[in-house]
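Just so we're on the same page: letters track the sequence lines, and every chain starts at 1.
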Protein chains: 2
Amino acid sequence: MAPFDRGSGEEVSKESLILEAAMDEFIAEGWGGARMQSIADRAGINKPLLHYYFRSKEKLYRETVYRVMEYFFGVVMGNVQGKDNFPDFLRSFIDTVVDETTSHPRIPLFLMQELSRGGEAIRSILSDVLGKQNPPVTEVMRDNILRAMERGEIRQVNPIHFIMNLIGSCLYYAMAEPMIMEIGKQIGMIGLFDKKAFIEERKEAIFTLLYHGVANE
Amino acid sequence: MAPFDRGSGEEVSKESLILEAAMDEFIAEGWGGARMQSIADRAGINKPLLHYYFRSKEKLYRETVYRVMEYFFGVVMGNVQGKDNFPDFLRSFIDTVVDETTSHPRIPLFLMQELSRGGEAIRSILSDVLGKQNPPVTEVMRDNILRAMERGEIRQVNPIHFIMNLIGSCLYYAMAEPMIMEIGKQIGMIGLFDKKAFIEERKEAIFTLLYHGVANE
DNA sequence: AAATGGTTTTACCATATGGTCAAACCATAG
DNA sequence: CTATGGTTTGACCATATGGTAAAACCATTT
């Protein structure tokens, strides 16, 4: 299911159509390169109608960022909460983020691109989105790590660094795929390429590395 | 030293000035949002002069991408080659990439942004840049990992996955700093903030996690 | 001094851009 | 049928964009 499908069967609301189109355009062209006309074209409508639904480019953009983050953090939350066992938690997070970003690689790239605009927007939106979850995913993750440390299951680590390593590892492939393929070819490490198998391998590799990295043997 | 300084003392060549300005602009606004006028302004020259030195926006852009990659891969190469001991190699790589990306966070964001345009350009440029190094950094890294595996110093791992986890971990903070700060605040994990100390902590955290992750205890 | 050749600037163009307005459309309610 | 109110459209505007032509500048050579 694509990020903005309202799910409810046949009819796709025009707003959703536009937001899907907007995301495609913004992610492909960047904020400054995105053209309202192109968004309209992608959505199969005309430009004035765009402005009818979303008054300005800025508003449409912010709404896009908001929905993307809400969607993404929602999915992660859904798969991560309730896992009170550290390996399960770790596996769920990795599986979710890797699967999600490889099937929608535009999402992390879009957010990164927004970060490269300075990060003001993302900061306020992030605080909005997290504020609406309770508890926020971020807290759930921190607590999982803290609890595992208390139980002596893992070494003492600073959760924020562990989380960064985890997220960085999970996002990198989807974001940098074209580079990875080139490097893989260069060093003869990627032969005939079965993407699905590679993704499974990837998830396993991340889990093994990070789990061994923190586990008290 | 900034990426494009020609180093040679007082005089800064006009090309370098322009490329610096171009990078600032492209990274802040994206390919489509970057304005030739802004680049000219940043460089303190006028627009026709821009076209005099770099015929078109496309050419200026490609040149920027090329130099950024050449610079970055060069720096990494310089610090990583000759480290035939695995922990040294790992430390050098982490130190280099973390320091480099935190002092020039625009670099990874710029490349990611280029990836979000589709990755065609980056693919061909990457193959160019790696082709001019001999051996290419990528091979040096792979070989370091393979040798450590042969020596039984580390577990059997797929080098390409290890490299991805390594790069992902090293890049993530610089790229996502505004998000991290927000999350850090949310989960009360970042107090009064000493950035320099945090960076050192970060490098240590990456090294410890990844080294324990692969080492044969 | 005159000529040369690289550099810099002024004035400009065709086109594309975000955005608007008023008219047209169209389903539903009275 | 007619009125209502949300939706859709064609025509349009002020402005900004990448790019160019040609003239002016200026240090060096002859």
J.: Mind calculating the distance between CZ (B/F54) and C1' (D/dT20) to the nearest angstrom?
T.: 19 Å

J.: Looking only at side-chain N and O atoms, does A/R35 come under 4.0 Å of OP1 or OP2 in C/dG18?
T.: yes

J.: Of the listed nucleotides (D/dT8, C/dG18, D/dG10), which one gets closest to any side-chain atom of A/K14?
T.: D/dT8

J.: Looking at A/K57 and C/dG19, is any side-chain donor or acceptor paired with a base atom of the opposite kind under 3.5 Å?
T.: no

J.: Could you state the CD-P distance from A/Q37 to D/dA16, rounded to the nearest angstrom?
T.: 20 Å

J.: Can you check side chain to side chain contact (heavy atoms under 4.5 Å, CB included) on A/H161 and B/Y173, steps first, answer last?
T.: CA-CA 9 Å; A/H161 287 298; B/Y173 171 67; over 6 Å; no

J.: Output yes when at least one side-chain N/O atom of B/N46 is less than 4.0 Å from OP1 or OP2 of C/dT8, else no.
T.: no

J.: Using 4.0 Å as the upper bound for N to carboxylate O, is an ion pair formed by B/K203 and B/E200?
T.: yes

J.: Rounded to whole Å, how long is the line connecting atom OH of B/Y61 with atom P of D/dG18?
T.: 14 Å

J.: Which residue is it: A/R106, A/R67, A/R42? I am looking for the one with a salt bridge (charged side-chain N to carboxylate O under 4.0 Å, His left out) to A/E20.
T.: A/R106

J.: Side chain of B/Y53, heavy atoms from C-beta onward: which of C/dT8, D/dG19, D/dA21 has the nearest atom to it?
T.: C/dT8

J.: Pick the closest DNA chain C nucleotide for A/P48 and for A/S38 by heavy atoms, then say which residue is nearer the 5' end.
T.: A/S38

J.: Between P on C/dT20 and NE2 on A/H51, what's the gap in Å once rounded to a whole number?
T.: 6 Å

J.: Do any side-chain nitrogens or oxygens of B/K47 fall under 4.0 Å of OP1 or OP2 in C/dT8?
T.: no

J.: Closer than 4.0 Å, any side-chain N/O of A/Y52 to the OP1 or OP2 of D/dG6?
T.: no

J.: Return the CD to OH distance between B/E114 and B/Y61, rounded to the nearest 0.5 Å.
T.: 3.5 Å

J.: Could you give the CG-to-P distance, from B/L49 to D/dA24, as a whole number of Å?
T.: 18 Å

